[in-house]
Amino acid sequence: MFDLDGTLVDTMTIAPTVYVDTIRALGGPEVSPATVVATWHIGATPFVLAHFLGRPVSAEDVECYHRHFAATVADVRPFPGVPELADDLDRAGCQLGIFTAATRRATALVLASTGLDRLFPVVVCGDEIAEPKPAPEGLLLACQRLGVDVAEAAYVGDAEVDLKCAEAARLLAIHARWGMTSPAPAEVMVAHRPADILELLAGPAPGSPDHATAAGQTHRTTPRKDNP
């Protein structure tokens with residue numbers, strides 16, 4: 001399973017600006033994109049907007065956000081190597097899913113515009129769960145819909161909150177380092193490019209005696225030429 005923004009698709013320079021423009025249009029304060037990103041852990045779009053607006057949000061407020069987002073979605077692209085990775089994982093017999101903090105409506109727009117909708121049959125969105133990341137609810141629901149045990153699942157994300165979410169759900173956590181990323185704990189497996197995921201998943205199983213060693217070795221030996 002994968003996070004969406006900043007992991008599968010390069011939206012980290014687009015989505016925060018959409019929030020900034022929406023908050024301004026709704027009469028809220030001037031905020032920076034970095035300030036918006038720092039609040040994403042509180043929940044889906046309605047919660048983020050309410051935080052900055054200082055009031056409950058209406059359906060019209062959320063619609064304003066989606067209008068701003070729809071105007072930019074044509075510029076969203078998958079990270080290089082992501083579609084190929086999804087195809088390779090599918091051919092290897094892996095079940096593929098997404099858990100994202102984004103709303104179902106925004107997620108559907110992104111997946112359709114990038115062609116990733118055909119690759120990920122199970123998608124759980126932030127407005128479909130009660131507790132946001134790092135609570136494990138979304139990942140557990142995705143596992144249930146995929147029909148897989150958490151012991152056989154992995155979650156790939158670019159942010160620390162993604163890794164904590166995987167830990168809370170007792171999934172293998174993999175830090176995606178090919179985009180704009182936050183620091184990761186030293187013991188977490190690291191992928192510097194999408195293709196590295198295949199190598200990581202072929203390693204020792206989570207919880208095995210060799211798991212921590214393999215994670216450290218992969219961190220040291222994975223090529224860094226694709227790093228930002």
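We're numbering straight along the sequence, starting at 1.
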[atom1]-[atom2] distance between [X] and [Y], expressed to the nearest 0.5 angstrom:
{"X": "Phe120", "Y": "Leu4", "atom1": "CZ", "atom2": "CG", "result": "9.0 Å"}
{"X": "Cys165", "Y": "Glu160", "atom1": "SG", "atom2": "CD", "result": "12.5 Å"}
{"X": "Glu152", "Y": "Leu172", "atom1": "CD", "atom2": "CG", "result": "12.5 Å"}
{"X": "Arg67", "Y": "Asp21", "atom1": "CZ", "atom2": "CG", "result": "12.5 Å"}
{"X": "Asp117", "Y": "Leu109", "atom1": "CG", "atom2": "CG", "result": "11.0 Å"}
{"X": "His68", "Y": "Ile14", "atom1": "NE2", "atom2": "CD1", "result": "14.5 Å"}

Name of the residue among Thr17, Asp5, Thr72, Thr114 meeting side-chain hydrogen bond (donor to acceptor under 3.5 Å, both in side chains) with Thr11: Asp5
Any idea which heavy atoms bring [X] and [Y] closest together, and the distance?
{"X": "Pro46", "Y": "Val57", "answer": "O-CG2, 3.6 Å"}
{"X": "Ala173", "Y": "Val188", "answer": "O-CG1, 3.7 Å"}
{"X": "Ile174", "Y": "Ala154", "answer": "CD1-CB, 4.5 Å"}
{"X": "Val122", "Y": "Ala142", "answer": "CG1-O, 4.0 Å"}
{"X": "Leu163", "Y": "Gly157", "answer": "CD2-O, 4.3 Å"}
{"X": "Ala176", "Y": "Val156", "answer": "CB-CG1, 3.9 Å"}

Can you sort out the partners of Pro56 under side-chain contact (heavy atoms from CB on, under 4.5 Å), two or more places apart, ordered by chain and number?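 If we apply the side-chain contact (heavy atoms from CB on, under 4.5 Å) test to Pro56, skipping adjacent residues, there are no hits.
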side-chain contact (heavy atoms from CB on, under 4.5 Å) involving Ser58 - partner list, sequence neighbours excluded: Glu60, Asp61
Is any side-chain heavy atom of [X] closer than 4.5 Å to a side-chain heavy atom of [Y]?
{"X": "Phe69", "Y": "Val110", "result": "yes"}
{"X": "Thr7", "Y": "Ile98", "result": "no"}
{"X": "Met1", "Y": "Val124", "result": "no"}
{"X": "Trp40", "Y": "Pro16", "result": "yes"}
{"X": "Thr103", "Y": "Cys125", "result": "no"}

Using the salt bridge (charged side-chain N to carboxylate O under 4.0 Å, His left out) criterion, which residues pair with Glu128? Sequence neighbours excluded. Arg104
List the residues meeting salt bridge (charged side-chain N to carboxylate O under 4.0 Å, His left out) with Asp127, not counting sequence neighbours, and say none if there are none. none
Looking only at atom types and distance, does a side-chain atom of Arg55 sit under 3.5 Å from a main-chain N or O of Phe52, one as donor and one as acceptor?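 Not confirmed, Arg55 side chain does not pair with Phe52 backbone.
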Would you confirm whether His175, through its side chain, and Asp158, through its main-chain N or O, come within 3.5 Å as a donor-acceptor pair?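 The answer is yes, because a donor-acceptor pair under 3.5 Å joins these two groups.
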Are Arg105 and Val62 close enough, and set up right, to give a side-chain contact (heavy atoms from CB on, under 4.5 Å), and what steps lead you there? CA-CA 11 Å; Arg105 183 172 170 183; Val62 178; over 6 Å; no
So the salt bridge (Lys or Arg N to Asp or Glu O under 4.0 Å) pairs with at least one residue in residues 93-103 (sequence neighbours excluded) are none
Applying salt bridge (Lys or Arg N to Asp or Glu O under 4.0 Å), which residue pairs with at least one partner in residues 31-48 are found, sequence neighbours left out? none
Would you please name every residue forming a side chain to side chain donor-acceptor pair (under 3.5 Å) with Glu167, sequence neighbours left out?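 Partners of Glu167 by the side chain to side chain donor-acceptor pair (under 3.5 Å) criterion come out as none, since no residue qualifies.
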Please enumerate all residues that pass side chain to side chain donor-acceptor pair (under 3.5 Å) together with Thr22, with sequence neighbours excluded. none
Passes side-chain contact (heavy atoms from CB on, under 4.5 Å), Tyr19 versus Leu49? Steps please. CA-CA 8 Å; Tyr19 274 104; Leu49 292 179; 4.0 Å; yes
Restricting to pairs with a member in residues 26-38, which pass side chain to side chain donor-acceptor pair (under 3.5 Å), not counting sequence neighbours?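 Residue pairs with at least one partner in residues 26-38: Arg24-Glu30, Ser32-Thr35.
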Decide side-chain contact (heavy atoms from CB on, under 4.5 Å) for Leu111 and Leu8; before the verdict, give the C-alpha distance in whole Å, the side-chain angles of both, and the deciding distance to 0.1 Å. CA-CA 10 Å; Leu111 294 180; Leu8 293 177; 5.6 Å; no
List, one per line, each side-chain donor-acceptor pair under 3.5 Å for residues 86-96, sequence neighbours excluded.
unit_1: Asp88; atom_1: OD1; unit_2: Arg91; atom_2: NH2; d: 2.3

Show every ring-ring contact (aromatic ring centres under 6.0 Å, His included) that has at least one partner inside residues 85-107, sequence neighbours left out. none
List, one per line, each side-chain donor-acceptor pair under 3.5 Å for residues 132-140, sequence neighbours excluded.
unit_1: Lys133; atom_1: NZ; unit_2: Asp3; atom_2: OD1; d: 2.9
unit_1: Lys133; atom_1: NZ; unit_2: Tyr155; atom_2: OH; d: 3.0
unit_1: Lys133; atom_1: NZ; unit_2: Asp162; atom_2: OD1; d: 2.7
unit_1: Glu137; atom_1: OE1; unit_2: Ala130; atom_2: N; d: 3.0
unit_1: Glu137; atom_1: OE1; unit_2: Glu131; atom_2: N; d: 2.9
unit_1: Glu137; atom_1: OE2; unit_2: Ala130; atom_2: N; d: 3.2

